[in-house]
Amino acid sequence: MTSEQVKSRIHSIDIMRGVVILLMLLDHVRERFFLHMQVADPMVVDTTSPGLFWSRFAAHFCAPTFIFLTGLSAWLYSHPASGVARSARSFLIKRGLFLIALEVTLICFSWMGYYHTIWLQVMWAIGLCMLALALLIKLPRNLLLVLGLVIVFGHNLLTPISFTPDEFGYSLWTILHDRGYLSQGGLIDIKISYPVLPWIGVILLGYCAGPLYAHTQSADSRKRALLLLALLCVGLFALLRGFNIYGETLPWQTFSTTTETMMSVFNVTKYPPSLSFLLITLAGMFVGLWLFERPLNRVTNALRVYGSVPMFFYIFHLYVLLFMYQIGMLIWGANQGQYLGVSDISGIWFITLLLAIGLYWPTKTFSEYKRKANKPWLKYL
């Protein structure tokens with residue numbers, strides 16, 4: 001297999017990251033300029049407009065894709081095309097700690113602007129997942145696969161378990177499964193937004209999927225496997241969710257309109273991600289990986305650029321949004337209660353489109369610098 005073929009496979013991964021980066025951008029624009037229209041988890045169908053519902057649902061694909069592809073990338077790091085195996089443990093540990101440090105500093109500040117509350121969100125979860133994978137990476141791949149499947153399919157059984165803040169085990173359970181405060185009432189509150197246990201299952205499955213991208217694997221067989229995985233996930237979602245059997249805390253209901261009924265079916269829980277949430281979002285990711293494994297065109301190349309430097313884009317766009325919001329407050333002030341915002345979800349889509357275009361060039365410039373400079377620290381971005 002030629003080096004060009006190997007590169008095309010990696011392109012498909014970067015393109016998939018690029019897609020979810022733009023979906024993430026949409027969600028973060030919503031959180032900046034549509035915060036006066038809060039959404040619950042899961043959402044409340046009869047009080048959430050279809051435009052807002054599907055915009056939020058689209059963002060559900062981000063975290064599963066990022067974390068699954070983080071595991072897959074760890075396998076690629078351990079099994080480079082050169083055929084000379086290398087250990088990913090040290091890299092995973094350093095990267096995981098780096099992401100956690102970013103979460104509690106630059107990222108938290110970009111959202112809150114002050115440190116009364118530290119919100120431990122997706123980068124915290126990815127960092128912990130990387131540390132967990134580093135701890136388990138020496139286990140046989142089949143055992144990792146079984147462990148990942150058990151966590152993803154079985155963690156919903158743990159929902160009835162809960163602890164009060166004064167009970168032993170509360171802190172650990174808050175980190176693993178129940179969204180809540182690690183500490184509250186002191187100088188700084190610490191809130192866990194992303195319970196990490198289900199995501200550990202996802203990163204393990206991503207790592208186990210790595211051989212699909214081995215240099216010895218043909219493109220046709222990989223694409224068949226990706227399509228089969230997508231169909232399997234959709235089929236399980238249709239069965240388990242369709243009949244309200246298992247995998248979601250809130251059963252779907254029939255509403256007076258088809259739109260609201262479909263919203264109810266796809267109204268899945270993110271914190272922590274239910275089995276239904278993971279099945280439908282991972283299905284979409286598998287379809288994307290299958291679809292994007294083809295020669296680059298102008299659109300997919302642009303998406304590849306976004307996905308080639310995900311951490312750079314993540315931090316950069318958060319501060320762009322922060323400055324936009326602060327400047328907007330100075331000019332117009334709060335126009336939606338205590339918030340500055342637009343009055344319709346279509347405004348969020350328009351702002352996202354403008355930002356996607358405007359942020360492309362600095363992202364491309366940094367991506368090219370990263371590729372040419374070949375500096376070790378750039379791997380973290």
Side-chain angles (χ1 to χ4, degrees), residues 17-39 51-52 55-56 58-59 62-63 66 98-127 188-191 193-194 302-303 305-370 377-378 380-381:
R17 282 199 188 100
V19 170
V20 295
I21 277 174
L22 294 182
L23 294 177
M24 174 193 72
L25 177 62
L26 171 65
D27 198 49
H28 289 173
V29 171
R30 177 193 62 80
E31 291 191 354
R32 272 297 178 197
F33 297 103
F34 214 58
L35 196 58
H36 55 283
M37 296 296 294
Q38 297 276 351
V39 291
L52 177 56
S55 296
R56 177 58 177 161
C62 299
F66 282 135
F98 175 72
L99 292 183
I100 293 171
L102 278 181
E103 183 74 89
V104 300
T105 53
L106 288 178
I107 295 172
C108 186
F109 183 82
S110 75
W111 281 115
M112 307 306 296
Y114 58 91
Y115 280 92
H116 178 66
T117 301
I118 293 178
W119 297 80
L120 299 177
Q121 303 184 85
V122 66
M123 289 302 156
W124 147 271
I126 296 176
I188 297 177
D189 297 338
I190 302 176
K191 174 71 179 292
S193 291
Y194 273 73
L303 292 170
V305 169
Y306 289 118
S308 64
V309 283
M311 182 52 62
F312 168 82
F313 186 91
Y314 189 87
I315 296 173
F316 185 53
H317 93 281
L318 287 180
Y319 278 90
V320 169
L321 286 172
L322 173 62
F323 292 142
M324 285 176 60
Y325 189 83
Q326 294 299 332
I327 292 171
M329 285 290 284
L330 289 174
I331 296 173
W332 296 292
N335 64 342
Q336 302 288 347
Q338 61 179 317
Y339 302 109
L340 168 69
V342 298
S343 58
D344 188 81
I345 191 66
S346 60
I348 298 301
W349 302 337
F350 181 68
I351 295 171
T352 302
L353 177 61
L354 292 181
L355 281 173
I357 296 171
L359 296 179
Y360 174 76
W361 300 110
T363 304
K364 182 180 180 181
T365 300
F366 187 84
S367 178
E368 291 176 349
Y369 170 74
K370 176 185 174 184
W377 67 270
L378 290 173
Y380 292 90
L381 298 173

Do [X] and [Y] touch side chain to side chain, with heavy atoms closer than 4.5 Å?
X	Y	value
L22	L303	yes
F316	V320	yes
Y194	L120	no
D189	I118	no
L99	M311	yes
M24	I21	yes
R30	L35	no

Could you measure the distance from the [atom1] atom of [X] to the [atom2] atom of [Y]? Nearest 0.5 Å is fine.
X	Y	atom1	atom2	answer
F34	I345	CZ	CD1	4.5 Å
W361	T365	CH2	OG1	8.5 Å
I188	T117	CD1	OG1	9.0 Å
L321	L25	CG	CG	6.5 Å
T352	L26	OG1	CG	4.5 Å
C108	L318	SG	CG	11.0 Å

Which atoms form the tightest heavy-atom contact between S346 and D344, and what is the distance?
OG-OD2, 2.6 Å
Where is the tightest heavy-atom contact between V122 and A63, given as atom of each residue plus distance?
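Distance-wise, the nearest heavy atoms are CG2-CB, 4.3 Å.
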Within the side chain of S367, is there an N or O that forms a donor-acceptor pair under 3.5 Å with the backbone of K364?
no
Could you tell me whether a side-chain N or O of Q121 sits under 3.5 Å from a main-chain N or O of E103, the two making a donor and an acceptor?
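Checked: no pair found.
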Could you note down all residue pairs passing side-chain hydrogen bond (donor to acceptor under 3.5 Å, both in side chains) where residues 309-336 supplies at least one of them, sequence neighbours left out?
H28-H317
Please enumerate all residues that pass salt bridge (Lys or Arg N to Asp or Glu O under 4.0 Å) together with R56, with sequence neighbours excluded.
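With sequence neighbours excluded, R56 shows a salt bridge (Lys or Arg N to Asp or Glu O under 4.0 Å) to D27, given in chain and number order.
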Audit row: M123, L102, side chain to side chain contact (heavy atoms under 4.5 Å, CB included) steps and yes/no:
CA-CA 8 Å; M123 289 302 156; L102 278 181; 5.8 Å; no
Return yes when atom CE of M324 has more than 12 non-hydrogen atoms of other residues, nucleotides or ligands closer than 6.0 Å, and no otherwise.
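Yes, because the 6.0 Å sphere around CE of M324 holds more than 12 heavy atoms from other groups.
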More than 12 foreign heavy atoms under 6.0 Å from OH of Y360: is that the case here?
yes
Result of checking Y306, Y369, F366 against F312 for side chain to side chain contact (heavy atoms under 4.5 Å, CB included)
F366
